[in-house]
2 protein chains.
Amino acid sequence: MALTQNTVVDTAVTILQQFGLADLSMRRLAKELDVQVGALYWHVKNKQELLAQVAAKLLNTPQLSVNAEDFSAPADAILQLSRRLYLALLPIQDSPEVIEVATAMQVTELAPVLQLRDLLESSGLSTEQARHGQQLLLNHILGSVAFRQNLVQLDVDAPLADGFDWGLQRAVAGLIS
Amino acid sequence: MALTQNTVVDTAVTILQQFGLADLSMRRLAKELDVQVGALYWHVKNKQELLAQVAAKLLNTPQLSVNAEDFSAPADAILQLSRRLYLALLPIQDSPEVIEVATAMQVTELAPVLQLRDLLESSGLSTEQARHGQQLLLNHILGSVAFRQNLVQLDVDAPLADGFDWGLQRAVAGLIS
DNA sequence: ACCTGAACACCGTTCAAGT
DNA sequence: ACCTGAACACCGTTCAAGT
C-alpha cells in the first residue's frame with residue numbers, strides 16, 4: 001500500500017481520536033505508517049496543513065448537517081446543528097485546537113460551520129451579522145468542548161448540568177430577536 | 001539579584017508580550033534569567049503552573065475591574081468589563097491559550113472572570129445560570145481574541161468591523177432577558 | 001516521483017552532585 | 001536551600017542522496 005495524502009490524514013485522525021493531540025507528532029505518525037519522517041513532507045506541506053485537513057475530515061460528514069425543512073423555525077435548526085457539532089467534537093481529544101487551526105487558515109472549508117452561517121442568514125440576519133453570529137456560536141461550541149475536556153483530564157467531577165445548552169439557547173435567543 | 005518565583009513569572013510575562021507563546025520555553029526563560037534550566041524547577045512546579053501564574057499576573061490588575069455603581073444597569077457593567085478584557089488580551093500574543101490553561105487548572109483565581117459571574121448574578125440570574133453565562137461570555141471573549149490574532153498572524157486584511165462587540169451585545173441581551 | 005538517512009535547532013523534565 | 005551539569009526522551013523541518 002503506497003503512501004498517499006489520504007492515508008496520511010486518515011492515520012492522523014486515528015491517532016488524534018485514540019491518543020489526543022499531544023501524541024499526534026510527525027514522528028509518531030511516520031512510525032505508525034512504517035516510513036521515515038521526511039517522507040510525510042512529500043504528501044503534506046507541514047503540520048499545520050495536516051491539522052487543517054484532519055479538521056476537515058472530522059467535520060465534513062453528512063452526519064453533521066441538518067435539513068432546514070425539518071424545522072418549523074430556523075432557530076431550531078441552528079440549535080440542532082450546534083448541538084450536533086458539540087456532541088461530535090466532545091469525544092475527540094483536543095478537537096477545539098484542531099478546528100481552530102483549520103478556521104484560522106480558512107483555506108479549508110468546514111461544511112457545518114458554513115451551514116451555521118447560512119441558517120443565521122435565513123433567519124433574518126444580514127450577511128455581516130450572520131458572520132458575527134456564526135463567530136459567537138462557534139466560540140461557544142469550541143470553548144465549551146475545551147472546558148469539558150479539561151475537566152475530564154484533571155479528574156474533577158464534571159457537573160451533570162453542562163451549561164453548554166443553556167448558554168447556547170440564550171445566545172440563539174439573543175441573535176434572533 | 002536572587003532568583004525568586006516572582007522574577008521567573010515576571011520574565012515569563014515579558015517574553016510572552018514581546019515574542020508570544022512559541023518563544024516562551026523553559027530554556028529560553030532560563031537563558032533570559034542567566035540560569036540553567038533546572039534552576040527554574042526549584043521555583044515553579046512545571047510549565048503549566050507557570051502559565052497559570054502568568055495568566056493571573058495578566059488579569060489580576062485593578063485596570064480590569066469595574067465599579068458596578070457607575071452603571072445604571074448591571075448589563076452595562078457586564079458589557080464594559082467584557083470589552084476591557086477583550087482589549088487587554090488583544091495585544092498579548094496567544095493570550096487566550098494562556099488564560100485557558102489557568103481556568104482549566106482552576107486553582108488560580110482570575111479576578112475579572114469572577115466579577116463577570118458576580119455581575120451576572122446581580123442582574124437576576126441564579127448561581128448556576130451565572131456560571132453558565134460567565135462561560136458563554138468568556139468563550140466569546142477568548143474566541144474572538146484568538147480569531148483576531150490569527151488574522152494578523154496570517155497577514156489577512158482584518159475587517160474593520162470586528163464582530164466581537166456585536167456578538168457580545170447579542171449574548172448579553174440573550175442572557176439578561 | 002517518491003523515499004531514506006541524517007542532520008539542524010530545538011523542546012520539558014529529572015536528578016546526582018556541588019555550594 | 002538553591003543551583004549546575006548532564007542526561008533522557010522527545011519535537012518540526014530540511015535536504016542530499018538513493019531508487
Side-chain angles (χ1 to χ4, degrees), chain A residues 1-55 93-94 97-102 104-105 107-108 150 153-154, chain B residues 1-55 93-94 97-102 104-105 107-108 150 153-154:
Chain A
M1 183 175 64
L3 199 58
T4 69
Q5 212 204 34
N6 223 296
T7 60
V8 171
V9 176
D10 274 343
T11 309
V13 168
T14 305
I15 296 178
L16 181 71
Q17 285 172 330
Q18 295 195 336
F19 308 100
L21 194 57
D23 281 53
L24 177 43
S25 67
M26 298 303 276
R27 299 178 114 96
R28 169 76 186 270
L29 186 51
K31 196 165 286 175
E32 214 80 28
L33 289 160
D34 267 307
V35 108
Q36 296 294 319
V37 218
L40 298 177
Y41 287 85
W42 187 264
H43 300 279
V44 97
K45 200 174 136 238
N46 52 33
K47 193 177 179 181
Q48 222 183 46
E49 212 212 52
L50 173 68
L51 290 183
Q53 288 184 261
V54 167
Q93 272 188 51
D94 311 302
E97 267 126 307
V98 179
I99 307 297
E100 270 161 35
V101 170
M105 306 193 21
V107 59
T108 321
N150 279 333
Q153 200 181 314
L154 294 172
Chain B
M1 184 173 65
L3 199 60
T4 70
Q5 210 204 35
N6 224 296
T7 60
V8 171
V9 177
D10 275 342
T11 309
V13 169
T14 305
I15 294 178
L16 181 71
Q17 286 172 330
Q18 295 194 336
F19 308 100
L21 193 58
D23 281 52
L24 178 43
S25 67
M26 299 303 275
R27 299 176 114 98
R28 169 75 185 271
L29 186 52
K31 196 164 286 174
E32 213 82 28
L33 289 161
D34 267 308
V35 107
Q36 297 294 318
V37 219
L40 297 176
Y41 287 83
W42 187 265
H43 300 279
V44 96
K45 199 174 138 239
N46 52 32
K47 192 177 179 181
Q48 224 185 44
E49 211 212 55
L50 172 68
L51 289 182
Q53 287 184 261
V54 167
Q93 273 188 51
D94 311 301
E97 269 125 305
V98 179
I99 307 298
E100 269 161 35
V101 170
M105 306 192 22
V107 57
T108 321
N150 278 334
Q153 200 181 314
L154 294 173

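Every chain is numbered from 1, with letters handed out A, B, ... down the list of sequences. Since we're looking at a predicted model, the values are computed, not measured.
- C:dC8 and D:dA9 have their P atoms separated by 22 Å, given to the nearest Å.
- Looking at B:Asn150, its side chain never comes within 3.5 Å of a backbone N or O of A:Ala104 through a donor-acceptor pair.
- In this structure, the separation between CG on B:Leu21 and CD1 on B:Ile15 is 11.0 Å, given to the nearest 0.5 Å.
- Here the CG-OG1 distance, from B:Asn6 to B:Thr11, works out to 9.5 Å after rounding to the nearest 0.5 Å.
- In DNA chain D, consecutive stretches of 3 or more Watson-Crick or G-U wobble pairs with both distances under 3.5 Å are given as paired ranges: C:4-8 with D:12-16, C:12-16 with D:4-8.
- Between the CD atom of B:Glu100 and the CE atom of B:Met105 there is a distance of 14.0 Å, given to the nearest 0.5 Å.
- B:Val13 and B:Val54 get closest at one heavy-atom pair: CG2-CG1, 3.9 Å.
- Taking A:Gln5 as the reference, A:Gln53 meet the side-chain hydrogen bond (donor to acceptor under 3.5 Å, both in side chains) condition, with sequence neighbours excluded.
- A side-chain contact (heavy atoms from CB on, under 4.5 Å) with B:Leu24 holds for exactly one of B:Leu51, B:Asp94, B:Thr14; it is B:Leu51.
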(request) Can you check each nucleotide of nucleotides 2-15 of chain C against protein heavy atoms at under 4.0 Å and return B for base, S for sugar-phosphate only, - for none, in 5' to 3' order? (result) BSBS-B---BBBBB
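- Atom CG in A:Leu29 sits 6.5 Å away from atom CE in A:Met26 (nearest 0.5 Å).
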